[in-house]
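Structure first, then comments.
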Protein chains: 2
Amino acid sequence: MGHGATRKQIVAAADDLFYRQGFDHTSFADIAKAVNISRGNFYHHFKTKDDILDAVIRNRLDRTEHMLVDWETSGATPKDRIKSYIKILLTNWSLIKDYGCPVGTLCTELAKLNHTSRAEANKVFTLFRVWLRNQFTQLGHMQEADVLALHVLSWSQGVATLGNAFDDYNYVKREVEKMCDWLDALSVKAEKAQ
Amino acid sequence: MGHGATRKQIVAAADDLFYRQGFDHTSFADIAKAVNISRGNFYHHFKTKDDILDAVIRNRLDRTEHMLVDWETSGATPKDRIKSYIKILLTNWSLIKDYGCPVGTLCTELAKLNHTSRAEANKVFTLFRVWLRNQFTQLGHMQEADVLALHVLSWSQGVATLGNAFDDYNYVKREVEKMCDWLDALSVKAEKAQ
DNA sequence: ACAATAGTAGGTCAACTGTCCTAGTGTTTC
DNA sequence: GAAACACTAGGACAGTTGACCTACTATTGT
C-alpha cells in the first residue's frame, strides 16, 4: 500500500469532501476528480471506501490531538484555552454556516448509516472531552470537571447546528460571548469556594 | 395525484426512513418495501423523490404545530410547557440515542446536500423558536424572549447530538435537569425584577 | 351501462455506485 | 542491465439508483 504524496492528497480531498458533502454522498469519482487521478487507481492506496473513511478519521484525530497539545503548551491560562475552543465557532464560521460542525455531522451521519467506524469517529468528541475536562481540573473544578466539559461540548455543538440552520452569525457571536461570560462567572465561584 | 390512504402510508414510511437512514441514503425501493407496493407505482403519487421529501417536511410541520398548539391549550403554565419541550429528550430517548434529533439531523443533511428544500426543513426549527419565544414572553421576558428561545433550542440540540454520540442516558438526564433548574432560576430573577 | 378516472404492477432505461482486473510505466535494488 | 517494486490509467463488472412507460384493474360519476 502506498504511503506517498498521492495517498496524502487522497485523504485530504476525501476529508474535505466528506465534510462538505457527507461520507455517503461522496463517491470515488468525486475524490478522483479532486485529486486528478483515475478511479481505478484507488485500489492501490485503499481497498475499500471504508478504508478511506478510517484514514480520514485517523487524520482528524491526529490533527485534533496536535492542535490541543499546541494549545496546552501555548502558555495561556486554562480559561483562555477553553475560550480558544469556544471561539472555533467564530474562526471557522465561513465553513460552519454551510456545512456545520465537522465532528458532529460525521458522527450523526455514521450513526444513521449504522457504520462500523462510528465509534472511531466519536473518539474526536472524546478527545475534546478529555482535554476540556483537563482544563477544568486545572481551573480547580475537580469533581464537576467532566460535567463541565460535556456542557461546553454540547453547548457549542448546539450553536453550530442552529447557526448552520439559521445562517445567523450574530446569534453565534452572542452565544460565544455568553459562553465566555459563563466561564468567567464559573471561575469566580471557584475562587470564592477556596 | 393520489390523496388516499396509500399516499399517507408512503409519507409515513418515508418520514420514518428519512429519520432512521437519512434522506439521501433512503431509496424508492426501501420505501416501497416498507409500504408493500411496487416501485413503479410511486410515480402516480409523487413525481420525484424531492416531492416525497416535501410531503414529509409538510407532514412534520403540521404535526409539530399541532403538538405545540396542544401544549398551549393544555392549561399548564408557560414554564411547564417549556419543560415539556425540554423533556422530549427523555421521552424520545430510545430513538434519539440511535438516530439523533429528527429536526437537526435533517437540516444538517440537507445543508450538506445543498438541497432546495433546506429552507423548508429549517421551518420546523422556526416553529419551535417562535413557540418558545412566545412562552418566554408570557413569563415576562419581553426583550430577551428570542435570545432565550434560541438558547433552549441550541442547548437541547447539542445534548441530542452528544447523547447520540456517547449513547449516555445519564448525561442527557443530568443536562435536562440542569436546563429545568436554569429555567426556574430565570423565573425567580424575572419575578425579582418586577 | 359505460365512459372517465384513480390506482397498481411490472418492467425498462441510462446513469452511477464500489469493486476489481489487466496492461503498462516509471523507479529502485542488487 | 535485469528483476522487483511502486504507481497509474482505463476499463469491465454486477448491483443499485431515480425516473419513466405501458398495460391492467378497481372505482366513480352520470
Side-chain angles (χ1 to χ4, degrees), chain A residues 1-58 106 109-110 112-118 120-121, chain B residues 1-57 59 106 109-110 112-118 120-121:
Chain A
M1 284 298 125
H3 291 279
T6 309
R7 191 193 151 95
K8 280 184 186 171
Q9 275 185 296
I10 291 175
V11 173
D15 194 332
D16 184 54
L17 287 168
F18 289 172
Y19 175 37
R20 284 180 11 225
Q21 308 187 346
F23 165 71
D24 196 60
H25 196 250
T26 299
S27 69
F28 275 71
D30 291 333
I31 306 171
K33 206 201 289 178
V35 186
N36 228 15
I37 60 170
S38 72
R39 263 163 296 122
N41 193 5
F42 270 101
Y43 194 66
H44 207 266
H45 299 278
F46 300 96
K47 279 185 205 144
T48 66
K49 196 184 173 187
D50 289 348
D51 284 348
I52 302 183
L53 176 61
D54 285 339
V56 166
I57 294 175
R58 222 169 301 135
L106 183 64
E109 186 184 359
L110 296 186
K112 277 192 204 282
L113 298 180
N114 203 13
H115 196 284
T116 322
S117 302
R118 190 190 168 188
E120 206 62 21
Chain B
M1 285 299 126
H3 292 281
T6 309
R7 191 193 152 94
K8 280 184 185 170
Q9 274 185 296
I10 291 174
V11 173
D15 193 331
D16 184 53
L17 286 168
F18 289 172
Y19 175 37
R20 285 178 12 223
Q21 308 186 347
F23 165 70
D24 195 60
H25 196 251
T26 299
S27 69
F28 276 73
D30 290 334
I31 306 171
K33 207 201 290 180
V35 187
N36 228 15
I37 61 170
S38 72
R39 261 161 298 123
N41 193 4
F42 271 103
Y43 195 67
H44 208 266
H45 299 277
F46 300 97
K47 278 184 205 143
T48 65
K49 195 185 172 185
D50 290 348
D51 284 349
I52 302 184
L53 176 62
D54 284 339
V56 166
I57 293 174
N59 188 42
L106 183 64
E109 185 183 359
L110 295 186
K112 278 192 204 281
L113 298 179
N114 203 15
H115 196 282
T116 323
S117 302
R118 190 190 168 187
E120 206 61 22

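On a predicted model such as this, the values are computed, not experimentally measured, just so you know. To find a chain, count down the sequence lines: A is the first, B the second, and so on, and within it residues start at 1.
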Could you check how far [atom1] of [X] sits from [atom2] of [N], rounded to whole Å?
X	N	atom1	atom2	value
A:Arg7	D:dT8	CZ	P	13 Å
B:Gln9	C:dG7	CD	C1'	13 Å
A:Asp51	C:dT19	CG	C1'	12 Å
B:Ile31	D:dT16	CD1	C1'	15 Å
A:Asn36	D:dA9	CG	C1'	13 Å

Sequence neighbours excluded, which residues qualify as side chain to side chain donor-acceptor pair (under 3.5 Å) partners of [X]?
X	value
A:Gln9	none
B:Thr116	none
B:His115	B:Asp50

Any N/O pairs under 3.5 Å between the protein and nucleotides 17-21 of chain D? List them or say none.
residue, atom, partner, partner atom, Å
D:dT17, OP1, B:Ser27, OG, 3.3
D:dG18, OP1, B:Thr26, O, 3.4
D:dG18, OP1, B:Lys49, NZ, 3.1
D:dG18, OP2, B:Phe28, N, 2.9
D:dA19, OP2, B:Lys49, N, 2.8

OP1 or OP2 of D:dG11 sitting under 4.0 Å from any side-chain N/O of A:Ser38?
no
I need the full list of salt bridge (Lys or Arg N to Asp or Glu O under 4.0 Å) pairs touching residues 11-26 of chain A, with sequence neighbours left out, sorted by first then second residue.
A:Asp15-A:Arg60, A:Asp15-A:Arg63, A:Asp16-A:Arg20
Ring pair (Phe, Tyr, Trp, His ring centres under 6.0 Å) partners for B:Phe18, two or more places apart:
B:Phe23
Let me confirm one number: the CZ-NZ distance from A:Arg118 to A:Lys112, rounded to the nearest 0.5 Å.
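Output value for this atom pair is 10.5 Å.
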Select one nucleotide: of C:dT8, D:dT8, D:dA9, the one nearest the side-chain heavy atoms of A:His44.
D:dT8
